[in-house]
Protein chains: 2
Amino acid sequence: MKVRQLTFRLLQVYADVVRTGSITATANRLHLTQPTVSQQLKRLREIVGEPIVRQEDSRVVPTEVGQALYQLSQDLLSRADVFSQYLDEYNRGGRGHFSIGLVNTAQYVLPRLLGPFSQANPQVDVTVEIGNRQQMLNRFERHEDDLYVFSHPPADDAVMAAPFLSNPLVVVGPENSRWANVNDLTMEALKEERFLLREPGSATRHTFDAWLYSAGIELRSTQQIASNEAIRLAVASGMGLAVLSRHVVADSPKGVQELPLQGFPLKSRWHFVVRRERRLPPAAYRFLSFVQGSLAQAFDEPEGELAVAELLQALKTER
Amino acid sequence: MKVRQLTFRLLQVYADVVRTGSITATANRLHLTQPTVSQQLKRLREIVGEPIVRQEDSRVVPTEVGQALYQLSQDLLSRADVFSQYLDEYNRGGRGHFSIGLVNTAQYVLPRLLGPFSQANPQVDVTVEIGNRQQMLNRFERHEDDLYVFSHPPADDAVMAAPFLSNPLVVVGPENSRWANVNDLTMEALKEERFLLREPGSATRHTFDAWLYSAGIELRSTQQIASNEAIRLAVASGMGLAVLSRHVVADSPKGVQELPLQGFPLKSRWHFVVRRERRLPPAAYRFLSFVQGSLAQAFDEPEGELAVAELLQALKTER
DNA sequence: TTACACCATAGATAATCATCTATGACTATA
DNA sequence: TATAGTCATAGATGATTATCTATGGTGTAA
């Protein structure tokens with residue numbers, strides 16, 4: 001058999017001829033003329049190298065080889081069809097895979113979106129990458145993920161970003177901290193305290209540093225710890241104060257409390273970030289749609305909804 | 001996906017690209033130029049309606065959809081390949097089906113050929129049709145079988161026939177028949193006996209009738225029984241004499257014996273008969289080859305071998 | 001026997017395909 | 001920063017394909 005010349009079209013036509021038992025009938029059903037179908041059959045026979053049908057009592061019936069070929073056709077066509085359905089489902093976003101890169105702090109809130117999404121879309125695989133801001137920037141540069149969450153989107157013409165959730169940075173101290181009930185507490189008052197800070201690549205650290213710089217304050221004593229969780233525990237055990245996302249604290253507030261420092265919380269917002277030129281996997285698109293629809297209930301953050309809607313719109317026209 | 005435009009050739013090329021991870025490499029392996037392969041990929045992408053590969057570090061890697069397409073390709077190609085192998089096997093005659101129509105008496109000897117053949121070719125299905133000469137002639141006229149065994153091939157230009165085994169017709173009587181030891185026994189002496197005969201459509205009957213006619217003898221008393229076996233039993237129980245194929249008697253000689261009648265046994269031979277215009281299924285061809293090779297051992301009938309060899313030769317050039 | 005239904009073949013044509021060579025863009029490596 | 005390797009695109013061309021209309025053969029049914 002000359003496999004290379006075999007076409008699915010030929011198999012379709014052939015299968016229909018076997019089903020109807022008539023060349024004319026197939027021609028009508030497929031909106032072709034009778035000679036066209038005759039010739040397709042002839043070509044298929046040449047490809048197979050063997051007679052595949054014969055005339056029998058005004059019916060066209062497959063030969064023994066034709067029978068086997070018919071079964072093959074059915075098989076192949078239905079497999080192609082399954083693939084076609086998979087494609088549709090993939091394009092609808094109900095199936096497939098995407099990866100999302102999260103800056104550390106975002107890991108405290110994203111599960112509240114990803115969880116329900118995965119439940120609603122069990123056929124979608126999501127890979128979640130987590131790292132500090134710098135690590136995520138590197139991944140972003142290397143195009144490693146489909147979607148990112150940053151508090152400060154990278155400055156790049158090629159990015160599209162939509163804020164979706166506020167990320168207030170607060171100062172926390174140990175439970176029953178002596179600063180807890182001070183009125184008009186200022187950073188000036190705290191500058192002698194030891195501050196437990198994330199590593200320089202971190203967004204929280206960066207934001208705080210920028211704020212300190214603009215306020216003209218220099219801290220006396222700092223210690224670097226590369227994990228929000230470790231910082232929280234260290235604060236709870238009295239090692240010092242820290243600046244953390246309020247979401248980190250809200251998630252497991254044991255042993256720490258927010259201090260009512262003036263100028264705090266520092267405002268920042270998480271953004272969904274995608275590359276303009278990257279074709280977003282449909283599943284990721286679907287995730288964003290899902291997020292847009294559930295932001296209101298999940299976080300009571302209606303402005304975010306709008307921004308995400310705009311992002312979706314932009315992505316849609318992009319296609 | 002535009003299934004109708006899908007070609008196995010495209011899948012072959014695509015699968016190779018995925019395997020090698022290089023368009024150039026595939027081009028070399030398939031004896032094409034690089035742009036050709038590039039364009040095949042492009043066309044496949046258009047058929048699928050979705051990017052299927054992307055460049056990654058000087059390698060071509062499939063996208064998510066491409067992965068699925070690759071698996072599909074493998075699957076479809078290997079199925080086509082299995083079919084191709086089936087075809088080869090079919091053409092070699094080692095697989096498939098054929099039907100053979102036997103005249104009644106031949107059923108006593110054909111198993112000795114069909115049995116070993118089936119053992120040697122377990123994938124070949126044989127349908128054996130049995131009937132008297134007239135019934136077989138009808139089947140022959142209607143092209144119902146691939147191969148026939150007649151003692152007298154139908155007079156038809158379109159037939160090819162090869163004798164392969166002698167079929168002596170003998171007169172039998174009951175065991176200890178008073179005729180058994182008579183010297184120079186002639187039919188004249190037996191004309192008062194009751195003869196048990198097959199029905200007029202039967203070949204044995206026909207041959208015997210013709211012989212009687214040419215000898216100018218008319219039987220006094222006959223009885224018609226439509227089965228060799230029943231005739232044999234009737235003879236054994238003393239109902240009369242009969243003319244039967246010696247093979248029938250040899251097969252189960254209980255209660256009957258051959259009578260030494262002058263002019264007997266009547267000579268006749270079985271022939272394999274095929275229609276000239278009919279494309280013989282390869283399995284049937286293989287059966288004939290097999291027969292040719294085993295006639296000598298099975299029956300000690302070397303002339304038959306030659307005739308069958310000629311038939312095979314004729315069939316071969318026919319193709 | 002005639003009429004009809006069904007199929008095959010011939011001949012024509014526009015579209016598509018498979019393929020090539022030439023060239024340009026991009027990327028990693030010497 | 002050359003250089004080589006890898007792809008993509010453009011343009012050309014002969015082959016193949018899909019499709020039609022017209023016509024003729026064959027078998028079935030009225």
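Predicted model only: the values in this text are computed from it and were never measured. Throughout, a chain's letter reflects where its sequence line sits, starting with A, and its residues are numbered from 1. Only heavy atoms go into these numbers, but all of them, side chains included; no hydrogens, no water, no symmetry mates.
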Partners passing side-chain hydrogen bond (donor to acceptor under 3.5 Å, both in side chains) against A:R45 (at least two apart in sequence or in another chain): none

We want to know whether B:Q134 and B:N138 form a side-chain donor-acceptor pair, criterion being a heavy-atom distance below 3.5 angstrom. yes

Side chains of A:N121 and A:R286: donor-acceptor distance under 3.5 Å anywhere? yes

[X] side chain: which of [options] is closest?
X	options	result
B:Q40	D:dC7, C:dA18, C:dC7	C:dA18
A:Q34	D:dA10, C:dA8, D:dC20	C:dA8
B:I23	C:dA8, D:dC7, D:dC20	D:dC7
A:Q39	D:dT9, D:dT19, C:dC6	D:dT19
A:T33	D:dG11, D:dC7, D:dC20	D:dC20

[X] [atom1] - [N] [atom2] separation (whole Å):
X	N	atom1	atom2	answer
B:K42	D:dG11	NZ	C1'	12 Å
B:E56	C:dC26	CD	P	19 Å
A:E46	C:dA8	CD	P	13 Å
A:R4	C:dC17	CZ	C1'	13 Å
A:L30	D:dC20	CG	P	11 Å
A:R9	D:dT16	CZ	P	21 Å
B:H31	C:dA18	NE2	C1'	16 Å
B:L44	C:dC17	CG	P	12 Å

On DNA chain D, compare the nucleotides closest to B:L41 and A:Q5; which residue's is nearer the 5' end?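 The residue whose closest nucleotide sits nearer the 5' end is B:L41.
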
Does OP1 or OP2 of [N] have a side-chain N or O of [X] closer than 4.0 Å?
X	N	answer
B:T24	D:dC7	yes
A:R59	C:dC7	no
A:S22	C:dC7	yes
A:T36	D:dC20	yes
A:S38	C:dA8	yes
B:R43	C:dA18	yes

I'd like to know if the side chain of B:T7 reaches the main chain of B:R9, judged simply by a donor and an acceptor atom lying under 3.5 Å from each other, with no hydrogens or angles considered.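 The answer is no, because no donor-acceptor pair under 3.5 Å joins these two groups.
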
Parallel, tilted or perpendicular: ring planes of B:Y90 versus B:Y86, cut at 30 and 60 degrees: tilted

Using a heavy-atom cut-off of 4.0 Å across all strands, would you classify A:V37 as base, sugar-phosphate, or nothing? nothing

How is B:T7 classified with respect to the nucleic acid when contacts are heavy atoms under 4.0 Å: base, sugar-phosphate, or nothing? nothing

Exceeds 12 heavy-atom contacts within 6.0 angstrom, atom CZ of B:R19: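 Correct, the count exceeds 12.
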
